[in-house]
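The shown structure was predicted, so the numbers you read here are calculated from the model rather than taken from an experiment. The figures here come from the full heavy-atom set of this structure, side chains too, leaving out hydrogens, waters and symmetry mates. Just so we're on the same page: letters track the sequence lines, and every chain starts at 1.
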Amino acid sequence: MPLILTEEQTMLKEAADGFLNEHAPIAHLRKLRDSKDADGVSRDLWRAFGEMGFAGVIIPEEHGGSGLGAVEAGVMAEALGRTLTPSPFLGSGVLSATVLKGGSAEQQAAWLPRIAAGEAIVSLAVDEGPKHAPSRIATVAERSGNGFKLNGAKGFVLDGHVADAVIVAALTENGLSLFLVDPKTAGVAIERTVMVDAHNAARVTLTDVEVDADAVIGSVDGGEALLEGALNLGRACAAASLNGAGDQAFQTTMAYLRTRKQFGKLIGEFQALQHRSAHLFSEIEIARAAVMGALTALDSDRPDAALRVSVAKAKAGRVAELAVQEAVQMHGGVGMTDEYDVGLFMKRVRVLNELLGDAGFHQERMARAQGF
Amino acid sequence: MPLILTEEQTMLKEAADGFLNEHAPIAHLRKLRDSKDADGVSRDLWRAFGEMGFAGVIIPEEHGGSGLGAVEAGVMAEALGRTLTPSPFLGSGVLSATVLKGGSAEQQAAWLPRIAAGEAIVSLAVDEGPKHAPSRIATVAERSGNGFKLNGAKGFVLDGHVADAVIVAALTENGLSLFLVDPKTAGVAIERTVMVDAHNAARVTLTDVEVDADAVIGSVDGGEALLEGALNLGRACAAASLNGAGDQAFQTTMAYLRTRKQFGKLIGEFQALQHRSAHLFSEIEIARAAVMGALTALDSDRPDAALRVSVAKAKAGRVAELAVQEAVQMHGGVGMTDEYDVGLFMKRVRVLNELLGDAGFHQERMARAQGF
Amino acid sequence: MTELETFRAETRAWLEANCPAECRGPVENEEDRVWGGRNAVYPTPAHKVWLDRMGAKGWTAPEWPTEYGGGGLSREQAKVLHSEMRRIDAQPPLASFGVWMLGPALLAFGTEAQKKHFLPEIVRGEIRWCQGYSEPGAGSDLAGLQTRAEDRGDHWIVNGQKVWTSYADKADWIFCLVRTDPDASKHLGISFVLIDMATKGVSTRPITLISGKSPFCETFFDDVRVEKENLVGTLNRGWDVAKYLLAHERTMIGAIGELGGGRPLGQVATGSIGMDDEGRLEDGMLRARIAEMEIDAAAFRLAMERAGDQVKAGQAHPAIASMLKYYGSELNKRRHELLMAAGGSDALEWEGERSRGGKSARDWLRTKANSIEGGTSEVQLNIIAKHLLQLPGA
Amino acid sequence: MTELETFRAETRAWLEANCPAECRGPVENEEDRVWGGRNAVYPTPAHKVWLDRMGAKGWTAPEWPTEYGGGGLSREQAKVLHSEMRRIDAQPPLASFGVWMLGPALLAFGTEAQKKHFLPEIVRGEIRWCQGYSEPGAGSDLAGLQTRAEDRGDHWIVNGQKVWTSYADKADWIFCLVRTDPDASKHLGISFVLIDMATKGVSTRPITLISGKSPFCETFFDDVRVEKENLVGTLNRGWDVAKYLLAHERTMIGAIGELGGGRPLGQVATGSIGMDDEGRLEDGMLRARIAEMEIDAAAFRLAMERAGDQVKAGQAHPAIASMLKYYGSELNKRRHELLMAAGGSDALEWEGERSRGGKSARDWLRTKANSIEGGTSEVQLNIIAKHLLQLPGA
């Protein structure tokens, strides 16, 4: 599979960029943030996403989605990275939708069409400590009656405070299982955590939460592979968002360098800044290739897909970090003001970096995979 | 203790620089190298070092030395780094002399005056694998008759092939012990290893080597502290040499930038090179402070002396590495030729970096010391 | 007993007797600092007592001459005073740009009248100052200054805008640079003047930073009348005064890397992430980055110490301050990047008690200004290339 | 069977029948490459047979026209040939600057007579070429070229010196840039000429690199007569020809990062340093650095692949080659720094069998030239800033 977009994918990209620039540019994020919107996300926009076919990009056509693949999901994620738009896309449209595609016919029919339509928000609750660590889940689901009783605490749950359902990863007798939990169930406590990037996450506490046996997605004890598949697509999409945010911050900075004068010169004339910019450009190009490498590998089920995902997430993360640092520094004082957008990119990149494993997490996977 | 040289120390520095520039400039190294000198080191120069009081800088006056401290040893090591002079100073004058200062009166009387006079070369054999790892010594000394029988293999033994005596670190029943071994003893095999920097090291193999009980320096099983003390002074001096070599490569490069023209401009006018140079200058200044911090800490027996030594060796190593890389790159093609000196600095810095623990080794010590 | 020992004994006794209990121990919050001024705010009434007592002795500016309200102490006596204050953990009675910045400049460049008028008020904390150098469109480049002072005989009429004026919304007076000769080029034609913030036509607007609320403001001058007696130094040579102050400010900010302080980063990380069986941070990749940073941080602290030793020995090159500013700023930014990694998703919270109002994230974002304020890292590198490396055209 | 399938079958059969056993399997040493030329050296007699057979078919330059001795294959057929050669592990019959560099330039700029004369000899490996661009004092800056060709009617007299002429001591002819108009400035006034190395007045001297012996030479021209028929392209427009070749060379060297090859670095390190109980490299600090580098290396390989896809799709910006050259060179240098750290003191040996003649150290030092030859990293960054970022004055 070539590492460039097909014509159809390019059209999707243009549609997504066009839609977001018109309906949810950075001003949209600022408005939600500054009005202290309780949800932190616009349900109208999410429904519009459904109408455009964006919300269900990876959901099969029979469930009302577009039936497309990882590359198309990455295209959407990159576009969302450019405009910094808060959206349930990554949490519901990618992570939870992927998990649900491994669920029963009833589960799929109940949720996938509503996600595709932008009507439902479904959150995936995995992490428990401050660092992404799906191999160290401590939340427990004990057999209880003809169902299960869940106990544990989850954090960094995307859109958890506005979720219509929460998928909880918990330990069962001989492995990991995934449970579809109604947030209104007794024993579920959800607290929104206002994040530095003004995007949405929550902490979810489960105290003796009773669920029926049919709340299990996939098989009991068999949730790990399903979860890992969803996480890998989510990581690749987070990497695409990092590329989008990093590149947008870079483009903004290049425009500034071409027009801003200091010491009687355009600052873009200073060779030290030229070389730093050229280096950063190179890094961004490399990161872009890494993300395309991961997305195409997922679409073609390559055996090295998981490794490529780690390459993409680690590389895109470090590069976007450099991009936003250079953006603020090259803008100088105004880059430090809330009024300018570059700081918002810095904040978003920080959150995306932490999400689903930071560069260190993925370097660790690389080292293990290469046997050292 | 202030982190700058006293007047006396400045005089020593000027004497050392003056002597080396006159009697052992880089041409001296080239001559030994290109003539494929079997020793790879000049015994005449070593004797001259003795006459100047350089060889015995840390050896007590009652044994014919100058009775000075770590700072003065560092001054010498830095000077040797600037001129890239092959010399038994680090191996004999610092490492072995420090070990021997913990030996019996007879051992001290037998060896210290000869080292101070530049007459004897005594090597310290510690490492066995390709990385510095004094905690993983496998060479064994078994009790045998009224002495010991040594078996093992050592590498990276400074001046081992021209040594009049070799101090061998070996495991005894309950700890580490240090043995003074005559290289002519049966079972000792020494092979010179020609190194990339044309300085001197050897591999030493010990097969059933019999030594008397009085070959032990310090107490049986009690060698570790003595060895660690010697290694720490050696590391600080290696760091000083790294500073000398790195700074000399930097100065050479700055002179080149001020005079060499390309694209119709002095290359020093290019701002990208100016900023890289200014950054490197800052790093060199920081490394210099780190080395002075280590040397003064050793002289005043500060409890954090070992940690400061690690800071110095790690920092000076990384900085010198950057300095020689920039030196070759900024010189362009001519920097790649054997004819120019910058390549010799790159080679020497590589060896000094590996010697007595590279930056990674010392970062590890830092992490352990800070409990993480 | 030497004279200095006598001084120490007397100082110790006086501090014991006069420093209220409320004014001992660390200053917990930025808001608990006492800045003085017309609208002074004190965390407790005791803090006002403490300021008044110290101000009366001139010990808020211990080395200034007594004739201008200062303490008249020698360098050695001032050190004794500080060490004795540290001994009982006494809080600084006054935080003041007047003491730190303007005062030294007035002592060097001011008229006798200016010194007599302003310095005693500064010492007693009765007047609070802010600084007006930067302008929109002229960040590190003061030569591009646009704020104009039009000559009207005995006074000027000032028009223009300043930015990054810390605490301008709370200050009583501003010391600032204005263009007095519009035809002169570059650094010439600029003068250093003092302006009462209560003058008609002066207004301020606070700046929100990416890290949240900030002490910084924009300050606007709209036909503001300034008496000529408020010129400091020579007309059109304000640059000399400003340089004097800037050198001072750069060294202050350079120390940031050292002050970063708090718990060692490795311990923050193990607390948050956990350790393996051998007592190593569970995240090996982060561990390596922290260890590398800590090596640099330890080396930088030694470099700060060494620079101090060089100053004492009269061996310091003034541009070394630029090197320390550059290195300290970059180091502190790196440190906070690693702190964010160590804190993980907990450190990403922006509000609420658990995160103490998003302290980790706000501190992290705030450090990004280290390499911009007080001369950008790029300006420092230019200075090093020119003054320490003598590179051509630098 | 399609036409291409038929071609594949025939090619397979021909290769099976004609590629000697000695010429299958990897080329172990640089010295075992066949460069051809008047004084050709072959590792085995079979290698001469292999070259002659391939040369006769024109398959040493498969896509060149048959009228100039080439194979006359289409792009698709040439791919088939390469894949079939790979299938049986056939060694390249010929290594040749004539095929890689001069040939394409002659096809684009040469006269019919030049093509007829030189190309068939190149295809058959009868003539070995070297390249003379760089001069002392004009490394990346070809505009500063000093070698002068004086017009003497039907010929020129050339005087000057070239440097970094690879294998000049072994080459039969040199293609090089000479100044034909001393008054023209910059890139004008330079011509591209072909010179027989056997001409009186041509001499060479090998250059020793920091890594040891090298194929590079200095080449001296002392009143060397060059016939005018040996001018390639337009007089005084040699720069156009050179640019055409340089673009080619840059892409070649950019691939170095990818070709670095050999065992994965992590495995070299565990082999040399050992593993802990959990199968991790014993040296955690080095482990982190290697993992970070391997992430970059994997991403870079994908970027190379992506650039190829862009070329195929007609979406490639020519300056992307500069980006790949820059990144690949720096990556390869970093890789070898880590290889040295992984090898420890063993990798520091310079002679002797154990270290295979100091292979690790020499390879490491040799990589330092990656970012200098074929346009320095600084030149690549300038190109990116100008052509891809449109920064002012770049």
Side-chain angles (χ1 to χ4, degrees), chain A residues 33 36 127 129-133 136 155-157 191-199 201 203 260-265 267 270 272-273 276 314 321 324-325 328-340 342-344 346-347 350-351 353-355 358-364 366-367, chain C residues 134 136-141 143-144 163-164 185-186 207-214 216 269 272-274 282-289 333 337 340-352 354-355 358 360-362 364-366 368-369 371-373 376-379 381-382 385:
Chain A
R33 181 192 72 163
K36 296 195 181 290
D127 287 333
K131 301 299 279 188
H132 180 61
R136 275 186 278 163
F156 210 2
V157 179
E191 176 206 355
R192 181 183 180 195
T193 43
V194 178
M195 306 294 275
V196 60
D197 63 346
H199 283 233
R203 290 177 188 260
R260 158 89 176 172
K261 279 199 173 186
Q262 197 150 20
F263 301 108
K265 280 164 90 170
I267 57 175
F270 289 102
L273 298 193
R276 277 159 55 186
E321 188 177 300
V324 294
Q325 286 173 355
V328 169
Q329 181 67 25
M330 290 188 186
H331 274 80
V334 295
M336 280 300 296
T337 62
D338 184 66
E339 218 178 316
Y340 266 64
V342 283
L344 297 176
M346 178 172 272
K347 293 170 177 182
R350 187 73 203 79
V351 173
N353 254 332
E354 208 56 57
L355 190 68
D358 66 4
F361 175 91
H362 291 287
Q363 276 173 221
E364 183 70 35
M366 165 63 93
Chain C
S134 297
S140 288
D141 175 21
V163 74
W164 306 119
S185 70
K186 291 253 175 189
I207 295 174
T208 304
L209 288 187
I210 58 177
S211 47
K213 276 190 201 144
S214 83
F216 295 115
S272 151
I273 299 173
E282 188 72 56
D283 182 335
M285 301 297 162
L286 180 59
R287 181 171 183 262
R289 292 168 82 88
K333 290 197 296 181
E337 286 290 339
M340 288 301 284
S345 54
D346 288 348
L348 300 174
E349 295 192 26
W350 190 242
E351 290 178 2
R354 194 189 298 101
S355 64
S360 296
R362 290 171 195 270
W364 160 66
L365 288 163
R366 182 61 184 78
K368 299 305 176 191
S371 50
I372 297 170
E373 60 202 340
T376 63
S377 280
E378 289 78 12
V379 165
L381 291 173
N382 286 341

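Side-chain contact between C/Met285 and A/Met366 is absent, with no heavy atoms from C-beta onward closer than 4.5 Å. Side-chain contact check for A/Gln325 versus C/Glu337: some heavy-atom pair is nearer than 4.5 Å. The side-chain heavy atoms of A/Met336 and C/Phe216, taken from C-beta on, include no pair separated by under 4.5 Å.
Separating the CG atom in C/Leu286 from the CD atom in A/Glu364 is a distance of 11.5 Å, to the nearest 0.5 Å. In this structure, C/Arg354 CZ and A/Thr193 OG1 are separated by 7.5 Å, a value rounded to the nearest 0.5 Å.
In this structure, chain A has no heavy atom under 4.5 Å from any part of C/Ala347. Looking at C/Ser377, the atoms closer than 4.5 Å to chain A (heavy atoms on both sides) sit in the backbone and in the side chain alike. When heavy atoms are compared at a cutoff of 4.5 Å, C/Arg362 does not approach chain A at all. Heavy atoms of C/Ile207 lying under 4.5 Å from chain A belong exclusively to its side chain. For chain C, the nearby part of A/Ala367 is the side chain; its heavy atoms alone come within less than 4.5 Å. For C/Ala361, the part sitting under 4.5 Å from any heavy atom of chain A is the side chain, from C-beta outward, and nothing else.
Across all their heavy atoms, C/Trp164 and A/Val334 have their closest contact at CZ2-N, 3.9 Å. The shortest non-hydrogen separation linking A/Gln329 to C/Ser371 is OE1-OG, 2.6 Å. Contact detail for A/Val196 and C/Leu365: the closest heavy-atom pair is CG2-CD1, 4.0 Å.
Under the side-chain hydrogen bond (donor to acceptor under 3.5 Å, both in side chains) criterion, A/Arg276 pairs with A/Glu326, C/Glu378, not counting sequence neighbours. With sequence neighbours left out, the side-chain hydrogen bond (donor to acceptor under 3.5 Å, both in side chains) criterion links A/Lys131 to A/Glu354, A/Asp358.
Comparing A/Gly343, A/Gly360, A/Gly333 by heavy-atom pairs within less than 4.5 Å of chain C, the highest count is held by A/Gly333. Interface summary for chain C: among A/Glu191, A/His132, A/Glu339, the most heavy-atom pairs under 4.5 angstrom belong to A/Glu191.
Of the possible polar contacts, one joining the C/Ser345 side chain to the A/Pro130 backbone as a donor-acceptor pair under 3.5 Å is found.
Applying the side chain to side chain contact (heavy atoms under 4.5 Å, CB included) test between C/Trp350 and each of A/Lys347, A/Met195, A/Arg33 identifies A/Lys347 as the sole match.
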